[in-house]
Amino acid sequence: MISEVAVVVPARDEEASIGDTLRSILASLDVVGAAGLDAADTVVVVACDSCTDATADRARDVLGRRGVVIEDHWGSVGRARAAGAAAALATLAPRHPERCWLANTDADTTVPPDWLSLQLALADEGWAAALGIVRLAPTTLAGDDLARRFEDSYLSTVDGQHPHVHGANFGVHAQAYLAVGGWPHLAVSEDHALADRLAQGGWSIATAAHLVVTTSDRLVGRAPGGFADDLQALVDCA
């Protein structure tokens, strides 16, 4: 039974979106809080990596006492996620890591109110990790057309399974996370690498198409070779 929940958000120059991201996370924490999870056993950690804008200040304003903002020059999303997870575990100081859940998303992403409750339900079923899917928030010039092409290219099965791995929608038991060495210190595909570590370690992974977040459709991302480049490839193929 999960009794502690942390949400980790890496960020690099995301002052325009971090407020919406964090407000959506806090709303999701409110749902699990209403279901009985003590607010003292939850934390949101924003790991600001080499930020040159007001991301950290805006994050602190929104989080108040409900979260922690850390800043450094990690130089990769893998290192930033790992630092955020370490700060979260240090804040919660879990005596029983198997009762602690680490949820992860991105600073250009919003989560629905049931995001955490759905993850905790999967944890209660015995899953060590939960991989959700993403939907696009049409904001670029490509707009709705890109969103439609993305949906058409995005694979899932009728039973709700899918082959996708997104750091923007990735939950994991702290026990499993620690057992496999945590987030690899990679500049790209750190999410796939952690999923591979968990699978190779024999930990059970739920691929749940009902676990959905909404992410930016920007075509220039923070990490070369990342999700934004995948979207650009869809535009180029149109």
Side-chain angles (χ1 to χ4, degrees), residues 7-28 31 44 46 49 53 55 58-59 62 77-78 80-81 103-119 122 129-171 186-195 205-238:
V7 183
V8 178
V9 187
R12 177 177 291 180
D13 291 343
E14 298 284 9
E15 63 180 8
S17 58
I18 191 66
D20 289 341
T21 296
L22 295 178
R23 281 185 284 270
S24 73
I25 291 169
L26 293 178
S28 190
V31 171
V44 181
V46 179
D49 183 11
D53 65 0
T55 298
R58 293 191 178 182
V62 174
V77 66
R81 288 194 197 278
N104 302 271
T105 190
D106 287 340
D108 65 341
T109 300
T110 58
V111 307
D114 63 357
W115 183 60
L116 288 169
S117 57
L118 290 174
Q119 290 188 51
L122 291 168
L131 305 181
I133 64 172
V134 300
R135 293 285 182 259
L136 295 187
T139 56
T140 68
L141 292 176
D144 292 334
D145 184 52
L146 175 58
R148 282 192 296 271
R149 275 183 276 130
F150 176 74
E151 290 292 328
D152 290 343
S153 71
Y154 201 75
L155 301 175
S156 62
T157 61
V158 294
D159 63 356
Q161 302 296 302
H162 66 85
H164 309 289
V165 182
H166 301 287
N169 199 356
F170 195 131
L186 300 176
V188 69
S189 297
E190 81 293 342
D191 42 10
H192 287 268
L194 178 55
I205 303 173
T207 59
H210 68 287
L211 188 61
V212 185
V213 300
T214 302
T215 198
S216 167
D217 68 347
R218 64 189 179 194
L219 302 178
V220 179
R222 300 297 184 259
F227 186 65
D229 284 0
D230 293 339
L231 295 182
Q232 182 63 61
L234 283 178
V235 172
D236 293 342
C237 289

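Since we're looking at a predicted model, the values are computed, not measured.
Shown here are the side-chain contact (heavy atoms from CB on, under 4.5 Å) partners of Ile205, two or more places apart in sequence or in another chain: Ala129, Leu131, Leu198, Ala199. For Asp106, the salt bridge (Lys or Arg N to Asp or Glu O under 4.0 Å) test picks out Arg81, with sequence neighbours left out. For Asp191, there are no side chain to side chain donor-acceptor pair (under 3.5 Å) partners at least two apart in sequence or on another chain. Residues meeting the side-chain contact (heavy atoms from CB on, under 4.5 Å) test with Val31, sequence neighbours left out: Pro113, Ser117. Partners of Thr214 by side chain to side chain donor-acceptor pair (under 3.5 Å), not counting sequence neighbours: none found. Residues forming a side chain to side chain donor-acceptor pair (under 3.5 Å) with Thr109 (at least two apart in sequence, or on another chain): Thr215. Residues passing the salt bridge (Lys or Arg N to Asp or Glu O under 4.0 Å) test with Asp20 are Arg23, sequence neighbours excluded. Taking Thr55 as the reference, Ala11, Glu14, Glu15, Ile18, Cys48, Cys51, Asp53 meet the side-chain contact (heavy atoms from CB on, under 4.5 Å) condition, with sequence neighbours excluded. Taking Leu118 as the reference, Asp114, His210, Leu211 meet the side-chain contact (heavy atoms from CB on, under 4.5 Å) condition, with sequence neighbours excluded.
In plain terms, the two heavy atoms of Ser28 and Val111 that are nearest each other are CB-CG2, 4.3 Å. Here the closest non-hydrogen pair linking Asn104 and Trp115 is O-CZ2, 3.6 Å. Shown here for Val165 and Ala195, the closest heavy-atom pair between the two residues is CG1-CB, 4.1 Å. Summarising the geometry of His166 relative to Gly132, their closest heavy-atom pair is CD2-O, 3.8 Å, with the distance given to 0.1 Å. Minimum heavy-atom separation, Val46 to Ala59: CG2-CB, 4.2 Å. Taking all atoms of both residues into account, the shortest heavy-atom contact from Pro10 to Ala80 is CB-CB, 4.0 Å.
With hydrogens and angles disregarded, a donor-acceptor distance shorter than 3.5 Å links the side chain of His162 to the backbone of His164. Listed for the Thr207 side chain is no donor-acceptor partner under 3.5 Å among the backbone atoms of Gln161.
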- Task: I would like to know whether Leu116 and Val7 meet side chain to side chain contact (heavy atoms under 4.5 Å, CB included); could you show each step before the answer?
- Result: CA-CA 9 Å; Leu116 288 169; Val7 183; 4.1 Å; yes
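The side-chain contact (heavy atoms from CB on, under 4.5 Å) test with Thr105 singles out one residue from Asn169, Val9, Val44, and that residue is Val9.
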